[in-house]
Amino acid sequence: MGTDIDGAIESRRSGGGWVIEADLLDFRLGRDRAAWDCLFGMGGECDVERPLFADRGLPADVSEPVRETGVGDFQHGHTYATWAEVAAVDWDAPLADGPAWSWAGVWRPGGDGEPVLTDVVPATPDLGEAAAEAFGGDMLLAPSQWPPGGAVRLDGVEYRPVVLTTRMIAPPDHGHWAPVWAAMRAAAAECGDENVRLVVWFG
């Protein structure tokens, strides 16, 4: 059995306690361990040193339905973030101090012919083998082991080491997590930025 994410968006109306605005399962996020790693420090897929919202536990005043669902023998990795915190995120800030071991940037010619970063992908064994051939050595070379400025061409595409950011893996404006942020933003417009939060756990 694999690990799954669960949780809820909660809001707090004036003078009241926290209530559930939306069930996280309704967003059908799937098992995106790379996004989990960047956002919550869970999954270990991205060589992330500084996840955004990790290891906070459950809020002390969490709504009772969330407490009943989220606390048990198999739930772990509880954490949360208010909309005020999510809205203040620098999505382009580096999540580590050096290039990722298991991810590479894909560079293709832009409009002016100069290469531009167009994607970030998991580093495959084929890419490691091509790097070993390009830079020397008889073992697969992960992107973080490439020499400074090193680039590898494979199947007509140029790959370079990349320092990951959250925008690369879990962008705020498209992809699986965009509807979550949109729902929080809409709730915050009614309740206030500090009165809307995402609570998550894994199990």
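We use all heavy atoms of the structure for the numbers below, so side chains are in, but hydrogens, waters and symmetry mates are not.
Considering every non-hydrogen atom in both Leu154 and Ala130, the closest pair reads CD1-CB, 4.3 Å. Summarising the geometry of Ala188 relative to Asp193, their closest heavy-atom pair is CB-OD1, 3.6 Å, with the distance given to 0.1 Å. For the residue pair His176 and Asp32, the shortest heavy atom distance occurs at ND1-OD2, 4.1 Å. Considering every non-hydrogen atom in both Val163 and Pro94, the closest pair reads CG1-CB, 3.6 Å. The two residues Pro143 and Ala100 come nearest to each other via the heavy atoms CB-O, 3.9 Å. Looking at every heavy atom in both residues, Ala84 comes nearest to Glu194 through CB-OE2, 3.5 Å.
Both Leu52 and Met42 sit in one connected hydrophobic cluster of ILVMFWY residues. Membership requires side-chain heavy atoms under 4.5 Å apart, directly or through other members. Residues Val200 and Leu25 are members of separate hydrophobic clusters, defined by side-chain heavy-atom contacts under 4.5 angstrom among Ile, Leu, Val, Met, Phe, Trp and Tyr. Taken together through direct or relayed side-chain contacts under 4.5 Å among Ile, Leu, Val, Met, Phe, Trp and Tyr, Trp91 and Trp36 form part of one hydrophobic cluster. Grouping the Ile, Leu, Val, Met, Phe, Trp and Tyr side chains by contacts below 4.5 angstrom, directly or via other members, places Trp107 with Val120. No single ILVMFWY cluster, assembled from side-chain heavy atoms under 4.5 Å apart, contains both Leu95 and Trp101.
At a threshold of 4.5 Å between non-hydrogen side-chain atoms, the residues Ser11 and Val19 count as touching. Taking the side chain as every heavy atom from C-beta outward, Pro59 and Val199 approach each other to under 4.5 Å. A heavy-atom distance below 4.5 Å is not found between the side chains of Val152 and Glu133. Considering only heavy atoms from C-beta on, Trp177 stays 4.5 Å or farther from Ile169 through its side chain. Contact annotation: the side chain of Met168 approaches that of Leu117 to within less than 4.5 Å [non-hydrogen atoms, C-beta and beyond]. The shortest side-chain heavy-atom distance between Phe27 and Ile5 does not fall under the 4.5 Å cut-off. Under the 4.5 Å side-chain criterion, counting only non-hydrogen atoms from C-beta, Val106 is in contact with Tyr159. Residues Leu29 and Val180 are in side-chain contact: their nearest non-hydrogen atoms beyond the backbone lie under 4.5 Å apart.
Distance check: His174 NE2 to Arg167 CZ gives 9.0 Å after rounding to the nearest 0.5 Å. Ile20 CD1 to Ile9 CD1: the interatomic distance, rounded to the nearest 0.5 Å, is 10.5 Å. For the atom pair Phe53 CZ and Leu39 CG, the distance stands at 7.5 Å (nearest 0.5 Å). Taking CZ from Arg153 and CG from Leu127, the interatomic distance works out to 12.5 Å, rounded to the nearest 0.5 Å. For the atom pair CZ of Arg50 and CG of Leu164, the computed distance is 11.5 Å after rounding to the nearest 0.5 Å. Taken from CD in Glu10 to OG1 in Thr82, the straight-line distance is 12.0 Å, to the nearest 0.5 Å.
Of the possible donor and acceptor atoms, one in the side chain of Gln75 sits under 3.5 Å from a partner among the backbone N and O of Thr69. Formation of a donor-acceptor pair under 3.5 Å by the His78 side chain with backbone atoms of Gly70 is found in this model.
Surrounding CG of Asp155 are at most 12 heavy atoms belonging to other residues, nucleotides or ligands under 6.0 Å away. Shown here is Asp55, whose CG atom has no more than 12 heavy atoms of other residues, nucleotides or ligands within 6.0 Å. More than 12 heavy-atom neighbours from other residues, nucleotides or ligands sit within 6.0 angstrom of NE2 on His76.
The residues Arg13 and Glu190 are annotated as salt-bridged, a charged nitrogen and a carboxylate oxygen being separated by less than 4.0 angstrom.
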Applying side-chain contact (heavy atoms from CB on, under 4.5 Å) to Leu198 and Val86, what does each step give before you reach the verdict?
CA-CA 9 Å; Leu198 173 66; Val86 175; 5.9 Å; no
Determine, step by step, whether Trp201 and Val66 satisfy the side-chain contact (heavy atoms from CB on, under 4.5 Å) criterion, reporting the C-alpha distance in whole Å, the side-chain angles of both residues, the deciding distance to 0.1 Å, and the verdict.
CA-CA 10 Å; Trp201 59 89; Val66 170; 3.6 Å; yes
Where do Arg12 and Asp61 land on the side-chain contact (heavy atoms from CB on, under 4.5 Å) test, with the steps shown first?
CA-CA 11 Å; Arg12 179 174 54 189; Asp61 56 355; 4.0 Å; yes
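Between Trp103 and Asp47, the side chains place no donor N or O within less than 3.5 Å of an acceptor N or O (distance only, hydrogens not considered).
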